[in-house]
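Report on the following structure.
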Amino acid sequence: MLEEVRSRARPYFADAPPAHDWHHVERVDALAETLIDRHPDSAGINEQVVHLAVALHDIGREREDRGEIDCHAMWGAREGSEILRELGATDETVSTVSHCICAHRYSNDIEPETVEAMVVSDADNLDALGAVGIGRVFAHGTAIDSPMYDPAVPVADDDTPAGVSQYNHLHKKILDLPERMYTDVGSDLAAERAQFVREFASRFEAEAVGER
């Protein structure tokens, strides 16, 4: 079933920009596998549920970015459930995968209630950190036409939820992600990746004002 779901999911990303394309899904899937392998109760994790949820978690992202839907996670959970049912998934699988999709979104404030949902959330957040995460921030900022950096709006004066610039977004959202990790291994990996982001942000600011 997993390959069938991936085949059904991939067309939703046909026109996706780099920050949320199919490569993002593949990276999240690889990160989820790492989190499962290093989890102290890895044998108790339903890997199929995790991989199904990862394949479907962002199928609504482009629709949200175009303003067609309000929340890609909630829409994706409904759409993904229909795909799973059409492919013969059990009600339990549909329910558990749907919860993973709903709970993965940073701004939804839906707490993961299963270890599978925790793994999916952590894997998705890890891909927003580190070198890849920095690249995704600037790629997404370009796609939505936000400025790379605005010295007139320092982070301390930026009262927007996500930041008025891509640089501010690193501080307003990305560097908060380690506090949102649910697994121990996820926390360890997030701390390492966040340190890289902090070092990058510090150098970026120094270069932006001509200090380096």
Side-chain angles (χ1 to χ4, degrees), residues 12-32 34 54 57-73 75-76 103-110 120-182 186-212:
Y12 288 86
F13 299 84
D15 299 318
H20 295 99
D21 59 10
W22 187 251
H23 296 303
H24 163 64
V25 176
E26 293 175 324
R27 289 192 303 270
V28 173
D29 200 59
L31 285 164
T34 296
V54 169
H57 81 285
D58 267 354
I59 59 175
R61 182 73 205 203
E62 272 302 282
R63 284 165 173 76
E64 181 181 323
D65 288 346
R66 292 195 298 266
E68 298 172 4
I69 58 175
D70 292 329
C71 175
H72 75 276
W75 185 92
H104 91 272
R105 190 182 189 191
Y106 177 94
S107 57
N108 266 2
D109 290 328
I110 296 175
V120 173
S121 177
D122 280 7
D124 189 50
N125 284 336
L126 281 170
D127 197 52
L129 285 161
V132 167
I134 292 169
R136 289 182 65 211
V137 165
F138 287 95
H140 183 63
T142 299
I144 63 173
D145 201 28
S146 75
M148 180 175 71
Y149 177 70
D150 186 352
V153 188
V155 175
D157 297 336
D158 189 344
D159 58 3
T160 63
V164 299
S165 67
Q166 296 159 40
Y167 171 78
N168 286 12
H169 185 71
L170 293 174
H171 291 276
K172 299 284 288 185
K173 179 177 178 180
I174 302 304
L175 286 173
D176 282 344
L177 292 176
E179 301 302 317
R180 295 177 57 87
M181 306 305 287
Y182 296 97
S187 294
D188 291 342
L189 292 173
E192 180 182 348
R193 290 185 176 216
Q195 181 57 33
F196 183 88
V197 176
R198 281 190 288 270
E199 291 169 359
F200 170 86
S202 177
R203 183 175 182 106
F204 183 101
E205 186 167 15
E207 290 184 5
V209 296
E211 292 179 0
R212 298 187 66 162

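Taking each heavy atom of D158 and G163 in turn, the nearest pair found is OD2-CA, 3.2 Å. In terms of heavy atoms, D21 sits closest to A16 at CA-CB, 3.8 Å. Across every non-hydrogen atom of L31 and A123, the tightest pair is CD1-O, 3.5 Å. Shortest non-hydrogen contact noted between P151 and P154 is O-CD, 3.9 Å. In terms of heavy atoms, V153 sits closest to N168 at O-ND2, 3.0 Å. Minimum heavy-atom separation, G60 to I69: O-CD1, 3.4 Å.
Rounding to the nearest 0.5 Å gives a distance of 11.5 Å between CG of D127 and CG of D29. The SG atom of C71 sits 14.0 Å away from atom CZ of R63, with the distance rounded to the nearest 0.5 Å. Here F138 contributes atom CZ and S165 contributes atom OG; the two are 8.0 Å apart, rounded to the nearest 0.5 Å. Distance check, rounded to the nearest 0.5 Å: CG of L189 to CG of L126 gives 5.5 Å. Rounding to the nearest 0.5 angstrom, the gap separating the CD atom in Q195 from the CG atom in L175 is 9.5 Å. We find the CG-OH distance between N125 and Y182 to be 8.0 Å, quoted to the nearest 0.5 Å.
Between H20 and H24, the ring planes lie perpendicular to each other; the angle is over 60°, past the 30° to 60° tilted range.
Taking the six-membered ring for Trp and the full ring otherwise, H72 and H104 have centroids separated by under 6.0 Å.
Tested against P17 for a side chain to side chain contact (heavy atoms under 4.5 Å, CB included), the candidates R136, E62, H140 yield a single pass: E62.
Using a 4.5 Å cut-off on side-chain heavy atoms (C-beta onward), V137 and Y167 make no contact. You'll find the side chain of L129 stays beyond 4.5 Å of the side chain of E192, heavy atoms only. Counting heavy atoms from C-beta on, the side chains of L170 and F200 come closer than 4.5 Å. With contacts defined as side-chain heavy-atom distances shorter than 4.5 Å, the pair Y149/E205 qualifies.
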Open item on the list: Between H169 and Q166, is the side chain to side chain donor-acceptor pair (under 3.5 Å) condition met? List the steps.
Closed with: CA-CA 5 Å; H169 185 71; Q166 296 159 40; over 6 Å; no
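Using a distance-only test at 3.5 Å, with no hydrogens or angles considered, a donor-acceptor pair links the side chain of K172 to the main chain of T160.
By the 4.0 Å N-to-carboxylate-O rule, D176 lies too far from R180 to be salt-bridged with it.
More than 12 non-hydrogen atoms from other residues, nucleotides or ligands lie less than 6.0 angstrom from CD of E199.
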